[in-house]
Amino acid sequence: MRRAALLAALLLAMPSAHAAPPPGPAVPVLALLAPTTGKQAAIGKRVVSLVSLALTGSRIRVVVFDTAPSARAAAERAVEAGASLVLGPVGALETEEVARALAPTRLSMLSLSGVAGKGLPSKRLRGRTAPADELRAICERVAPLEGARIAMVAPEGAAGDEAVEAFAGCLTERGVALSRLVRFPAAQRDFGRTVSALEQGTSRLQAPSHGQVGWPEAPRAARGAAATSGRPTVLVAVATAGQGAALLPALGVKGWFDEPTPLRLFGTGSWEGPELATAASFLGHLSVVESCPWNDQRDAARAFVDRFEGAFSEPPTRFDAEVYDAATMADRGRASLPAGVASPEAWATAILAQREVEGVCGALSWSPEGVLSHPLQLWSVDADGEMFPRGSAWDD
């Protein structure tokens, strides 16, 4: 009897097979901020699908917050939902709104905006290449050219200001002067006057004073008293493909590409598209920074194309590749943490710790400022407006 009572007591002490299991590790919440309604809904829904594709099989719970009504409100809802990281938004203005909303919180943001901004504040990471990044890459190639007279054309407005600041500031750091600068209306299509302004310019930009880092504000026109003679030998053009199709012939008919000193022309990744076929005879003088060479033969790029085409039934764009890479880096950072660790600080730190990860856009790393970066290669443009890698040097 005593033995039976003891056995019963032991059985009661054992956990029931039907009892609730002990709580498992916390599943981190990724707040994806994108415009899923309104005029930009197509972009937002594509971002949602891309993130879903990148995080397939991941132990991350994605919660989507629509930024169309209010980006700030979307960020506040993400905080209330207990998110551990914010991915997005896409637009530059929305990114600034979200950054301000997250400033007093523990959350970090991995933005999907292609605008560099005035500087990345704490808790803000950037997952896409900006034109400012491309212009700094061009600067690193043209600044060492012996005796080069470097000119720049860029659109008016905030985007053009950021481009000019990035390029002119980079040259200044290397002790090189930007000899001429011409700004043009953002919607301009006729570049005859722009070329004339480049030809007639007789002054160069005055560099910042000694000890001053970068330009205090975006230069808007050639200024200063130091003279420079002769046409520019290098032209950096921030323009769309359509504007490039007008600029190239305008330079060509004026003899800018004639021997013995043909102009070397450098453009950002926006110099791509069928419009350039109208200026095909001048494309051999153009070198373009490729923001994301996803369509090469590396395994990571080929696997992405196969997965994307299987999911979307169409070829991917560079935007698709960059968003996919950003989501992948967020996932890799999370995967490097021990199970159960889901704090915003730990996740952001783990993301930034990822180095030389083979992504769709190349070998991905994080800059000290929190920018997801990869080598920016020099490419050429063919008569169909498609980019292809150059086999020769930047300064050939």
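Below, all heavy atoms of this structure are taken into account, side chains as well, without hydrogens, waters or symmetry copies.
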Original post:
Do Val236 and Phe167 have side chains that get closer than 4.5 Å, going by heavy atoms?
Top reply: yes

Original post:
Hey, are the side chains of Leu32 and Phe65 touching, using non-hydrogen atoms and a 4.5 Å cut-off?
Top reply: no

Original post:
Same cluster or not: are Val62 and Val323 linked, directly or through other Ile, Leu, Val, Met, Phe, Trp or Tyr residues, by side-chain heavy atoms under 4.5 angstrom apart?
Top reply: yes

Subject >> Pair Arg72-Glu96, salt bridge (Lys or Arg N to Asp or Glu O under 4.0 Å): steps then yes or no >> reply: CA-CA 9 Å; Arg72 183 179 187 88; Glu96 296 302 325; over 6 Å; no

Original post:
Is it true that the side chains of Thr268 and Ser270 contain a donor and an acceptor less than 3.5 Å apart?
Top reply: yes

Original post:
How are the rings of Tyr324 and Phe304 set relative to one another: parallel (under 30°), tilted (30 to 60°) or perpendicular (over 60°)?
Top reply: tilted

Original post:
Using 4.0 Å as the upper bound for N to carboxylate O, is an ion pair formed by Arg126 and Glu369?
Top reply: no

Subject >> Exam field: side chain Arg183 to backbone Pro155, donor-acceptor pair closer than 3.5 Å >> reply: yes

Original post:
Would you call the rings of His285 and Phe257 parallel, tilted or perpendicular, where under 30° means parallel and over 60° means perpendicular?
Top reply: parallel

Original post:
So does Arg193 have more than 12 non-hydrogen atoms from other groups sitting under 6.0 Å from CZ?
Top reply: no

**OP:** Using modelled atom types only, decide if a donor and an acceptor are shared between the side chain of Glu322 and the backbone of Thr317 within a distance under 3.5 Å.
**Re:** no

Original post:
Do the charged groups of Asp133 and Arg128 touch, with an N to O distance under 4.0 Å?
Top reply: no

Original post:
Taking only residues two or more places apart in sequence, or in another chain, which ones meet Glu314 in a side-chain contact (heavy atoms from CB on, under 4.5 Å)?
Top reply: Arg46, Phe308, Phe312

Original post:
Using a distance-only test with no angle check, is there a side-chain donor-acceptor pair under 3.5 angstrom linking Thr67 and Glu94?
Top reply: no

Original post:
Is a side-chain donor or acceptor of Asp384 paired with a backbone partner of Glu386 at a separation under 3.5 angstrom?
Top reply: no

Original post:
Are Asp66 and Arg77 ion-paired here, with the side-chain N under 4.0 Å from a carboxylate O?
Top reply: no

Original post:
Any donor and acceptor pair, going by atom type alone, linking the side chain of Asp325 with main-chain N or O of Val360 inside 3.5 Å?
Top reply: yes

**OP:** Tell me yes or no: between the side chains of Thr129 and Glu134, is some donor less than 3.5 Å from an acceptor?
**Re:** no

**OP:** With sequence neighbours excluded, tell me which residues meet side-chain contact (heavy atoms from CB on, under 4.5 Å) with Arg106.
**Re:** Ser343, Pro344, Glu345

Subject >> N/O donor-acceptor pair under 3.5 Å between Arg149 side chain and Arg231 backbone >> reply: yes

